[in-house]
Amino acid sequence: AGALAYRIRLAQIRRRYAIRLEERVAERTRELAAINDRLTLEVLRRQQADAKTKYLAYHDALTGLGNRVTFREAAHEALTTARVTKIPIAVFFIDLDGFKGVNDTLGHSVGDALLKALATRLRDRLPETLLIARLGGDEFGVLLPKCPEVEDAISVANDIIEAMVEPFLIDNHALA
């Protein structure tokens, strides 16, 4: 009888221990899953921050166009390719006359809106094969990486001029 009671008691202890162990394993599994979720979120946040940093390194924050770095690298690559292929490139520089006056008289918010509107107009009217970049302030660059005929460059120049002819309507101001 003593041995049977001992075995019953031992079986009860093992069951209780097994239940506690299963509960501890389940609790630890939940803790680890929560930690994994937090780590996954942190990795995602860092990847997004890294992508944003890379984007800002090569794009103008105001207009979303390529920036001076993007333009310089693309121009260098286009020149290197042009030396090999013997196909010329075309480069256009745009500087807004009187832009300082817009900022001084109408404010920087109007000046910023003008720069954004110009960027949008250039993007909308020029072929996607061109690189349009804001080089700084009121200066923009347009790169035609392959320009086999002078007429191609003249066509792009006319498109740029045409994009600039129509006044920009910014805060009830017609800016030409």
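Here the OG1-NZ distance, from Thr81 to Lys86, works out to 12.0 Å after rounding to the nearest 0.5 Å. With rounding to the nearest 0.5 angstrom, the CG atom of Leu126 is 10.0 Å from the CD atom of Glu162. In this structure, CZ in Arg16 is found 6.0 Å from CD1 in Ile13, a value given to the nearest 0.5 Å.
With a 6.0 Å radius and a threshold of 12 heavy atoms from other residues, nucleotides or ligands, Glu139 has its CD atom above the threshold. Other residues, nucleotides and ligands contribute at most 12 non-hydrogen atoms within 6.0 Å of the CD atom of Glu128. Atom CZ of Phe92 is surrounded by more than 12 heavy atoms from other residues, nucleotides or ligands within 6.0 Å.
Here the closest heavy-atom approach between residue His59 and residue Asn67 is recorded as N-ND2, 3.4 Å. What you find for Asp138 and Phe99 is that their closest heavy atoms are OD2-CB, 3.3 Å. The two residues Gly111 and Asn103 have their closest heavy-atom pair at CA-OD1, 3.3 Å. Shown here for Cys147 and Asp152, the closest heavy-atom pair between the two residues is SG-CB, 3.9 Å. Scanning both residues, Pro148 and Pro88, for their nearest heavy atoms gives CA-CD, 4.3 Å.
In this structure, Ser155 contributes its side chain and Glu151 its backbone to no donor-acceptor pair below 3.5 Å. Although no hydrogens or angles enter the test, the distance criterion places a donor-acceptor pair under 3.5 Å between the side chain of Arg134 and the main chain of Gly137. A distance-only check finds no donor-acceptor pair linking the side chain of His76 to the backbone of Arg72 [under 3.5 Å].
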Full working for side chain to side chain contact (heavy atoms under 4.5 Å, CB included) between Val43 and Arg46: CA-CA 5 Å; Val43 167; Arg46 288 182 187 208; 5.8 Å; no

Pair Leu106-Asp171, side chain to side chain contact (heavy atoms under 4.5 Å, CB included): steps then yes or no: CA-CA 9 Å; Leu106 301 176; Asp171 287 352; over 6 Å; no

Criterion side chain to side chain contact (heavy atoms under 4.5 Å, CB included) on Phe140 and Leu115, from CA distance to verdict: CA-CA 10 Å; Phe140 293 80; Leu115 294 173; 3.9 Å; yes

Side chain to side chain contact (heavy atoms under 4.5 Å, CB included) between Ile35 and Leu39, intermediate numbers included: CA-CA 6 Å; Ile35 291 169; Leu39 286 173; 4.0 Å; yes

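The pair Arg68-Glu73 does not count as a salt bridge, with every side-chain nitrogen at least 4.0 angstrom from each carboxylate oxygen. Between Glu27 and Arg24, no side-chain nitrogen of the basic residue sits less than 4.0 Å from a carboxylate oxygen of the acidic one, so the salt-bridge criterion is not met. One finds a salt bridge joining Asp50 and Lys54 here, because a Lys/Arg side-chain nitrogen approaches an Asp/Glu carboxylate oxygen to under 4.0 Å. Salt-bridge formation is not detected for the pair Arg38/Glu42: no Lys NZ or Arg NE/NH1/NH2 atom is positioned less than 4.0 Å from an Asp or Glu carboxylate oxygen.
Val69 and Ile132 fall into different hydrophobic clusters, where Ile, Leu, Val, Met, Phe, Trp and Tyr are joined by side-chain heavy atoms under 4.5 Å apart, directly or via other members. Following chains of ILVMFWY side-chain contacts shorter than 4.5 Å, one cannot reach Val91 starting from Val142, and the two form parts of different hydrophobic clusters. Phe71 and Ile160 end up in different hydrophobic clusters when Ile, Leu, Val, Met, Phe, Trp and Tyr side chains are linked at under 4.5 Å. Val110 and Leu169 fall into different hydrophobic clusters, where Ile, Leu, Val, Met, Phe, Trp and Tyr residues are linked whenever their side-chain heavy atoms come under 4.5 Å apart, directly or through other members. Hydrophobic clustering of Ile, Leu, Val, Met, Phe, Trp and Tyr side chains at less than 4.5 Å, counting indirect connections, keeps Leu135 apart from Val156.
Side-chain contact between Asp159 and Arg125: absent, with no pair of heavy atoms (C-beta onward) separated by less than 4.5 Å. Counting heavy atoms from C-beta on, the side chains of Leu10 and Ile8 never come closer than 4.5 Å. Residues Glu166 and Arg121 form a side-chain contact, since some pair of their non-hydrogen atoms from C-beta on lies under 4.5 Å apart. Considering only heavy atoms from C-beta on, Leu144 stays 4.5 Å or farther from Ile89 through its side chain. Between Val25 and Arg28, the closest side-chain pair of non-hydrogen atoms is not below 4.5 Å. Contact check for Leu130 versus Leu143: no side-chain heavy atoms found under the 4.5 Å cut-off. Counting only heavy atoms from C-beta outward, the side chains of Leu118 and Met164 approach each other to under 4.5 Å.
Ile170 pairs in a side-chain contact (heavy atoms from CB on, under 4.5 Å) with only one of the listed residues (Val102, Leu175, Asp112), which is Leu175. Residue Leu122 forms a side-chain contact (heavy atoms from CB on, under 4.5 Å) with just one option from Ile94, Leu65, Thr63, and that option is Ile94.
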